Amino acid sequence: HDPQLNQLEDLIAPANQSLRAAAENYLAARDQVTVARASFYPTLSAGLGVTRERASANRPLTPAGSLTDSYDFQLAGQASWEPDFWGRIRRTVEAARESAQASAADVAIVDLSLHAEMASDYFQLRGLDSESKLLKATVADLERQLDLTQRLLAGGIGTDVDVAQARTQLETVRAQLIDVGVARAQYEHAIGTIANLKLSDFSIPPSPLDESNDLLLPKVPIGVPSQLLERRPDIAAAERLTAAANAQIGIAVSAFYPTITLGGTGGFESMNPGTLLQGPSALWSLGGQATELLFDAGQRHALTSHARHVYEAQAAAYRGTIFQAFNDVEDQLSSLRILEQESTVEDRAVASAQHSFDLSNQRYKGGVTSYLEVLTSESTLIQNQRTAIDLRTRQFVSSVGLVRSLGGGWDTTQLPK
């Protein structure tokens, strides 16, 4: 429910080149299905031919005065068809279809990865905005403390050490603020690159990731394991590749059977174009051919064995993908659970550090303690505040990771048929 993030996510589909490349690969795979299906049908061709010949007048047994020039006009068509008796074509279509579906799942993988990376970078950037907000407020506070130590020194109460310590702390935090700015620029560039934007003109306004902006962690419905398997495009891709490998076994087995081809030719042939389309000029032929390979030195057996091993390897990869999917989900769930516990403890640490700093500051202003105690308590407070911001940022990033590990709302019903 972050309008700015939604707007950035919408820029990915029309602009990202990695996603476009994946989509083009899918379209190419889909065309291969059409190519394979074409083998189910006969091939038809037609042609018109004109030939002029001159025979030698001095050839043997040539009657005196016989014609040596002649024309041959032909209008004919051919048809050829290989019936799919052994399932080779059917299995080829099946392999092409499964590969196309795997390619479609690959598109979903790239799309999901890009959107997840965009969200992750965006929340990292907003976390840095929170750190920047904290450090800017700290710089303003340290400037006031430096002014206080200088006034106490002028009044004969403070020391040069206090002034030097205050200035050191101030410059240290200023350097940290600059470092945060460098990291923020890198995340901003990463976001712009994903959306294929011109980086020199692209910028994201600061928006700290804190409780005041009502941005809440998403509540992700987990579902049962069987549903999980349908929400991961990488699992779908692996399953489709396994099916394609299985189809390749059928293609290899079909090579053991004869190749049967039916063919025919029909048309007209004449020496005179005026009589080309008359009945006596008609010609036709029908025929069939069966060819069986008798010896190939074990090539077909080797190809079949190769196809079976490829299938087993792909099936193992499919099972491995499933195991990895469960591992990813468990990792993200554990991270969110532990980060929530850690964040609760860290909030108490921040409150305690703030109380300690307030006491030290009052004691220093009252002349009871040295400025070193103030610096120590303030350093502890800053560190705990930055840790709390980091934990909240990591919670959002882990939430993105959980959505990604659950497939991001994608499921197998979105595969092309």
Side-chain angles (χ1 to χ4, degrees), residues 2 123-153 155 157-184 187 205-217 335-399:
D2 186 317
F123 288 123
Q124 293 275 14
L125 181 142
R126 293 194 57 177
L128 291 173
D129 285 341
S130 294
E131 286 197 47
S132 178
K133 177 182 177 182
L134 169 65
L135 293 176
K136 287 178 180 178
T138 303
V139 166
D141 183 63
L142 289 174
E143 287 174 344
R144 289 191 294 270
Q145 291 188 32
L146 176 60
D147 180 67
L148 174 62
T149 56
Q150 290 173 337
R151 285 190 282 108
L152 291 176
L153 176 63
I157 301 176
T159 64
D160 288 330
V161 174
D162 292 343
V163 175
Q165 289 175 334
R167 181 173 285 110
T168 300
Q169 181 77 339
L170 173 61
E171 297 305 328
T172 299
V173 175
R174 282 175 174 169
Q176 292 173 349
L177 181 59
I178 294 173
D179 189 61
V180 168
V182 173
R184 186 189 192 279
Y187 279 111
S207 180
L209 189 64
D210 52 38
E211 299 290 350
S212 61
N213 50 33
D214 297 327
L215 186 60
L216 302 176
L217 289 170
S335 295
L336 284 173
R337 183 179 65 253
I338 295 171
L339 285 172
E340 184 178 4
Q341 297 171 356
E342 188 178 0
S343 181
T344 301
V345 175
E346 187 59 39
D347 287 343
R348 293 200 298 264
V350 169
S352 179
Q354 182 68 57
H355 182 62
S356 175
F357 170 70
D358 293 339
L359 291 177
S360 297
N361 210 18
Q362 291 174 6
R363 283 162 54 83
Y364 174 69
K365 291 179 180 179
V368 178
T369 186
S370 67
Y371 190 68
L372 180 60
E373 181 181 311
V374 177
L375 286 180
T376 301
S377 60
E378 186 164 35
S379 296
T380 302
L381 174 61
I382 295 172
Q383 182 60 43
N384 279 279
Q385 287 175 325
R386 295 188 71 178
T387 300
I389 292 172
D390 179 65
L391 288 172
R392 180 165 174 79
T393 302
R394 288 167 61 189
Q395 283 180 292
F396 275 93
V397 173
S398 291
S399 295

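Every heavy atom of this structure was used, including side-chain atoms; hydrogens, water molecules and symmetry mates were not. Here the structure is a predicted model, which means the values were calculated and not measured.
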Which pairs would a plain distance check flag for residues 171-179, meaning a side-chain donor or acceptor within less than 3.5 Å of a matching protein atom at least two apart in sequence or in another chain?
residue, atom, partner, partner atom, Å
E171, OE2, R174, NH1, 2.8
T172, OG1, T168, O, 2.7
R174, NH2, E143, OE2, 2.8

Is any side-chain heavy atom of L148 closer than 4.5 Å to a side-chain heavy atom of Y364?
yes
Would you check if Q145 and E378 make a side-chain contact, meaning some heavy-atom pair closer than 4.5 Å?
yes
Tell me whether R363 contacts the main-chain N or O of V368 through its side chain, where contact means a donor paired with an acceptor under 3.5 Å.
no
d(L381 CG, L134 CG) to nearest 0.5 Å is 8.0 Å
Can you confirm whether S132 sits close enough to K136 that some side-chain heavy atom of one is under 4.5 Å from a side-chain heavy atom of the other?
yes
With sequence neighbours left out, which residue pairs that include part of residues 339-353 fulfil the side chain to side chain donor-acceptor pair (under 3.5 Å) condition?
none
Let's go through F396 and D2 carefully: what are the C-alpha distance in whole Å and the side-chain angles of both, what is the deciding distance for side-chain contact (heavy atoms from CB on, under 4.5 Å) to 0.1 Å, and is it a yes or a no?
CA-CA 12 Å; F396 275 93; D2 186 317; over 6 Å; no
How long is the straight-line distance from CG of L152 back to CD of Q150, given to the nearest 0.5 Å?
10.0 Å
Less than 4.0 Å between a side-chain N and a carboxylate O, is that true for R151 and D147?
yes
With rounding to the nearest 0.5 Å, note down the distance linking CD in E373 to CZ in F357.
11.0 Å
For S399 and L336: C-alpha separation, side-chain torsions, deciding distance, then whether side-chain contact (heavy atoms from CB on, under 4.5 Å) applies.
CA-CA 7 Å; S399 295; L336 284 173; 3.5 Å; yes
F123 versus T393, closest heavy-atom pair with distance:
O-CG2, 3.5 Å
So how far is it from S377 OG to L359 CG, rounded to the nearest 0.5 Å?
9.0 Å
Pairing of R386 and D390 as salt bridge, 4.0 angstrom limit
no
Under the criterion side-chain contact (heavy atoms from CB on, under 4.5 Å), I'd like the reasoning laid out for S398 against L339: C-alpha separation, chi angles, the key distance, then a yes or no.
CA-CA 9 Å; S398 291; L339 285 172; 3.6 Å; yes
Quick one: does any side-chain atom of S379 pair with a main-chain N or O of L375 as donor and acceptor, under 3.5 Å?
yes
Donor + acceptor pair across side chains of Q354, D358 (<3.5 Å):
yes
Mind listing the closest non-hydrogen atom pair of L209 and G127 along with its distance?
CB-N, 4.0 Å
So does P206 get a backbone contact from the side chain of D129, meaning a donor-acceptor N/O pair under 3.5 Å?
no
Would the distance check show the side chain of T149 and the main-chain N or O of L146 forming a donor-acceptor pair, the cut-off being under 3.5 Å?
yes
Test L153 against D162 for side-chain contact (heavy atoms from CB on, under 4.5 Å), laying out the working first.
CA-CA 8 Å; L153 176 63; D162 292 343; over 6 Å; no
Which distance, rounded to the nearest 0.5 Å, do you find between the CG of L142 and the CD1 of I382?
6.0 Å
Does the side chain of V374 reach to within under 4.5 Å of the side chain of Q169, using non-hydrogen atoms?
no
To the nearest 0.5 angstrom, please state how far the CD atom of Q165 sits from the CG atom of L170.
13.5 Å
So which heavy atom on T369 is nearest to which on S360, and how close?
CG2-O, 4.0 Å
